[in-house]
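Shown next, in structure tokens, is the structure this report addresses.
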Amino acid sequence: MRALTVVPYQAGSLSIQDVPDPVPGPDELLVDGISLGICGTDREIATGTYGWAPPGRERLILGHESLGRVRTAPDGSGFAAGDLVVGIVRRPDPVPCGACARGEFDMCRNGQYVERGIKQIDGFGSSQWVVLADYAVKLDPSLERVGVLMEPTTVVAKAWDQIERINQRAWFEPKTALITGAGPIGLLAALLGVQRGLDVHVLDRSTEGPKPGLVADLGGTFHTGSAAEVAAKIDPDVVIEATGAPAVALQAAEINNPGVIVCLTGVSTPGNEAEVDVGALNRNIVLDNALVFGSVNANRHHYELAAQSLAKADPQWLERLITRRLPLEQATEAFAAGGSDIKVVIDLA
């Protein structure tokens, strides 16, 4: 079969190659790939920034944003031929650490986890793949065109889950949410905020294109300008930062509102320097009982939450987040597109 592969840490090695057909083990599903989402992580691996091939192998099958249809499933697995599924990306470390032992492998304490298409285990960028039944999640049949958005949705499902857990430290009835960034992650974060009944505001630097309309169709309010200016107007109870831009992340952390919870989901590039009034930042966080935390990856619970959220969403709205589709034979073009605002999907079927 054909697969999208790369030699980690070797720029320019991305290519489509023939690889052996997968053979499912006794506890594994055999899945026909439908589509594969491409994100910044995939592009960084393709440029040689990082990534790890499976032990004893030179090449890694790329791809962690999966969508497929079950071809065969073991008896008693809860899956059947024809089910729409995605594969969970991370696997717990073999030791395991305390978090992994409790199913919270997204919070691994020793870094010995593996990840499909990223670290030491092949991804989903092939016409067929296998996955342990315990690491597969079933999707509503209506999501065949957009279920590939499941993995990025898990990122913000975890963010909202963590925010709600933090809320339990005291009485808290959030009414207003600010999302910084209207790329796919930011828009999905806004979707989940609207589903929670919040007044959702989305900030982005774009003034044209589909973003303002996508936010408006959710029932949210679209803004441009600085995070500090918008926050001063709306007094957000919750902030989800989804750009990874250091200046925006700093403005989010500096928001001054009693009890505000700020979740950072965007990954910044090291080496950016900025002047920060650490005293004022510390003072605001302490005196406001504010909290700033980071969130990445997801465990099975978050995948299940994401599946529920996508099933409730308008599939036509979700499809507008996908700006380009390419066949596997043109997969390398997906990496030339670039940009966090562009969600490129590779059709595997």
Side-chain angles (χ1 to χ4, degrees), residues 3-17 35-55 57-66 86-91 105-106 108 111-126 148-156 158-159 180-189 241-249 264-273 294-298 321-324 326 328 330-346 348:
L4 183 63
T5 72
V6 66
V7 178
Y9 289 98
Q10 188 176 119
S13 64
L14 182 72
S15 67
I16 300 166
Q17 297 199 334
S35 53
L36 180 77
I38 301 300
C39 74
T41 297
D42 301 300
R43 292 188 176 94
E44 288 186 347
I45 294 173
T47 57
T49 303
Y50 62 94
W52 297 261
R57 293 247 309 276
E58 180 186 38
R59 302 192 76 89
L60 168 74
I61 296 178
L62 199 58
H64 60 280
E65 297 185 4
S66 64
V86 300
I88 295 174
V89 176
R90 185 173 287 195
R91 302 289 184 276
F105 40 82
D106 57 309
C108 181
Q112 295 184 36
Y113 58 84
V114 297
E115 291 179 317
R116 297 288 299 254
I118 301 173
K119 183 182 180 185
Q120 297 179 326
I121 184 170
D122 282 330
F124 304 103
S126 54
V148 73
L149 295 171
M150 174 72 161
E151 193 278 337
T153 306
T154 69
V155 173
V156 292
K158 176 184 176 179
T180 55
I185 291 288
L187 289 168
L188 289 167
E241 203 299 296
T243 69
V248 180
L264 307 178
T265 66
V267 180
S268 302
T269 301
N272 290 276
E273 296 184 0
S295 179
V296 71
N297 206 269
L321 301 186
I322 300 172
T323 54
R324 192 177 184 192
L326 295 167
L328 179 60
Q330 297 176 250
T332 54
E333 294 181 25
F335 293 80
S340 60
D341 295 342
I342 298 175
K343 173 51 66 180
V344 179
V345 168
I346 297 170
L348 301 171

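Position 1 is the first residue of the sequence; numbering continues from there.
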request  = Apply salt bridge (Lys or Arg N to Asp or Glu O under 4.0 Å) to R116 and E151, showing your working.
outcome  = CA-CA 12 Å; R116 297 288 299 254; E151 193 278 337; over 6 Å; no
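Looking at every heavy atom in both residues, S35 comes nearest to V345 through CB-CG1, 3.6 Å. The heavy-atom pair separating G111 from K119 by the smallest distance is O-NZ, 2.6 Å. Closest heavy-atom contact between S13 and V7: OG-N, 2.9 Å. Shortest non-hydrogen contact noted between L326 and V344 is CD1-CG1, 4.2 Å.
Distance check: I118 CD1 to L62 CG gives 8.5 Å after rounding to the nearest 0.5 Å. In this structure, CG on L14 lies 7.0 Å from OG1 on T5, to the nearest 0.5 angstrom. Atom CD of E65 sits about 8.0 Å away from atom OG1 of T41, to the nearest 0.5 Å. The line from CE of M150 to CG of L188 is 11.5 Å long, rounded to the nearest 0.5 Å. Put simply, OG1 on T332 and CD1 on I346 are 8.5 Å apart, with the number rounded to the nearest 0.5 Å. Taking CZ of F124 as the reference point, atom OG of S66 lies at 4.5 Å (rounded to 0.5 Å).
Side-chain contact check for R59 and S15: at least one donor-acceptor pair (N or O, by modelled atom type) lies under 3.5 Å.
Judged purely by atom type and a 3.5 angstrom limit, E44 has no side-chain atom pairing as donor or acceptor with the backbone of T47.
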